[in-house]
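Everything on this sheet refers to the single structure shown next.
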2 protein chains.
Amino acid sequence: MARLADPDLALRRRREILEAAEGCFRRRGFHQATMQEICAEARISPGALYRYFDSKADIIAAISEEKRGEAEVEFRKLYSEHAFIDALLAVAARVLRKFSDHQTGSLFCDIAGEAARDPILARRLAALQAKSMDSFAEAVADAQVRGEVDPELLPRDVAYSLMTFIDGMGVRVAVSDEPPETILHQFRTVAERYLAPAK
Amino acid sequence: MARLADPDLALRRRREILEAAEGCFRRRGFHQATMQEICAEARISPGALYRYFDSKADIIAAISEEKRGEAEVEFRKLYSEHAFIDALLAVAARVLRKFSDHQTGSLFCDIAGEAARDPILARRLAALQAKSMDSFAEAVADAQVRGEVDPELLPRDVAYSLMTFIDGMGVRVAVSDEPPETILHQFRTVAERYLAPAK
DNA sequence: ACCTGAACACCGTTCAAGT
DNA sequence: ACCTGAACACCGTTCAAGT
């Protein structure tokens with residue numbers, strides 16, 4: 001990325017590009033959306049765009065970074081008012097509803113595929129992932145104090161496992177036509193039995 | 001796809017193309033591998049290739065169909081000699097080891113992304129998925145008779161949930177650099193607690 | 001300093017022309 | 001009948017030329 005003199009303009013341009021790109025990606029998918037479309041929507045030329053972002057992957061990484069924490073904030077709000085398992089289900093439902101339009105879902109899969117082969121993108125996504133996990137593990141530890149989660153379990157393990165299951169549901173909902181509710185019901189059963197304190 | 005007169009030749013050509021394509025996809029990923037490369041490796045011209053396959057997606061679907069059942073057969077063999085949970089872990093380990101080279105893993109993500117936006121591909125993959133699930137659900141029912149899985153659970157739900165978790169692990173292992181063993185250990189804990197008969 | 005847009009080096013797919 | 005390979009309609013990215 002070229003050096004930029006005016007930080008205000010740079011931030012504004014980046015924002016315009018990110019908003020245009022998000023719209024395009026959401027409508028057409030990561031691979032299907034073209035840089036030309038993004039440029040047109042952001043009212044900028046391709047040459048200028050590449051002054052603000054290194055590549056298409058750089059744009060999707062920046063969008064992911066922006067979005068991080070949205071589900072996290074939602075979960076914290078829900079958890080402050082509801083049981084752990086209910087807050088968990090509500091947040092999973094939120095994510096899966098987004099995925100079930102097959103657009104956000106395909107984007108998630110595309111990004112994962114891209115990251116699997118692009119170590120720089122992978123590292124950036126891993127950093128986001130780690131932050132979300134830390135935050136979620138804290139809530140798990142709290143739920144253990146509340147007696148809602150078996151204290152024998154390690155909070156980080158619980159956070160990791162539940163997030164992995166949510167990823168799996170994401171793939172399934174993205175690809176198939178079944179409604180999120182079906183799989184969410186399975187998730188509740190798995191989570192309840194997994195988390196239940198030993199009697 | 002054009003009508004083909006000689007069924008033997010057609011089958012041979014399809015096999016040659018599929019083998020070349022699998023090599024290319026595995027080495028370079030679905031989106032990165034080019035039809036030109038596949039053609040070169042299969043020693044066929046682009047024009048001729050399109051007589052045997054409708055598109056790149058058609059090729060990946062055919063490969064997926066060929067591969068289906070490999071893990072299934074492996075699981076049945078293992079399950080005949082080991083406890084349900086151990087056979088399950090062994091098969092999950094097999095899948096994840098493949099994914100952790102970041103090549104098969106990225107391919108899995110790419111296919112999912114592609115399927116999320118291509119209803120024809122999605123339908124073909126859903127059919128494979130359904131067959132694997134039926135077969136797996138049978139084993140779950142058997143494990144319930146053996147007393148290894150809580151008889152309260154519905155075999156199809158168990159099969160579905162465990163396969164969803166394995167998909168989630170697949171994404172994680174494909175994207176991150178952590179070894180499959182770490183996440184497999186989490187999977188064992190979740191599966192044991194989920195499946196355990198009520199005391 | 002910041003931008004434009006033609007040009008570059010590619011794609012997946014098609015189709016006229018060959019054998 | 002089956003094949004070739006140039007051609008078509010695109011990509012993401014770069015860079016000389018403008019303001």
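Heavy atoms of B:Ala33 sit under 4.0 angstrom from primed sugar atoms or phosphate atoms, though from no base atom. If you check every strand for non-hydrogen atoms under 4.0 Å, A:Arg13 touches sugar and phosphate atoms only.
Look at B:Glu65 and B:Arg68 and you find no salt bridge, because none of the NZ, NE, NH1 or NH2 atoms lies under 4.0 Å from a carboxylate O. By the 4.0 Å N-to-carboxylate-O rule, A:Lys77 lies too far from A:Glu72 to be salt-bridged with it. Using a 4.0 Å cut-off between charged nitrogen and carboxylate oxygen, B:Arg26 and B:Asp101 do not count as a salt-bridge pair. One finds a salt bridge joining A:Arg188 and A:Asp86 here, because a Lys/Arg side-chain nitrogen approaches an Asp/Glu carboxylate oxygen to under 4.0 Å.
Taking the side chain of B:Pro46 as heavy atoms from C-beta on, and the options C:dC11, C:dT14, D:dC11, the nearest nucleotide is C:dT14. Considering only side-chain atoms of B:Ser55, the nucleotide from D:dT13, C:dT13, D:dC11 that sits closest is C:dT13. With D:dG12, C:dG5, C:dC11 as the choices, the nucleotide that has an atom nearest any side-chain atom of A:Ser45 turns out to be C:dG5.
When each of A:Leu96, A:Thr182, A:Ile166 is checked for a side-chain contact (heavy atoms from CB on, under 4.5 Å) with A:Phe187, only A:Ile166 meets the rule.
For B:Asp58 and C:dT13, the CG to P distance is 10 Å, given to the nearest whole Å. Rounded to whole angstrom, the span from the CZ atom of B:Arg51 across to the P atom of D:dA1 amounts to 9 Å. At whole-Å resolution of the value, OH in B:Tyr52 and C1' in D:dC3 are 8 Å apart. B:Asp8 places its CG atom 17 Å from the P atom of D:dA1, with the value rounded to the nearest Å. Rounding to whole angstrom units, NE2 of residue A:His31 and C1' of C:dG12 are separated by 14 Å. Straight-line distance from the OH atom of A:Tyr50 to the C1' atom of C:dC3: 16 Å, rounded to whole Å. Look at CE on B:Met35: it is 20 Å from P on D:dC8, rounded to the nearest Å. One atom, CD of B:Glu16, and another, C1' of D:dC2, lie 14 Å apart when rounded to the nearest Å.
Base pairing annotation: D:dT19 forms a Watson-Crick or G-U wobble pair with C:dA1, both donor-acceptor distances under 3.5 Å. Remark: D:dG12 base-pairs with C:dC8; criterion is Watson-Crick or G-U wobble with both hydrogen-bond distances under 3.5 Å.
Each of B:Gln36 and B:Leu9 has a nearest nucleotide on DNA chain D; the 5'-most of these lies closest to B:Leu9.
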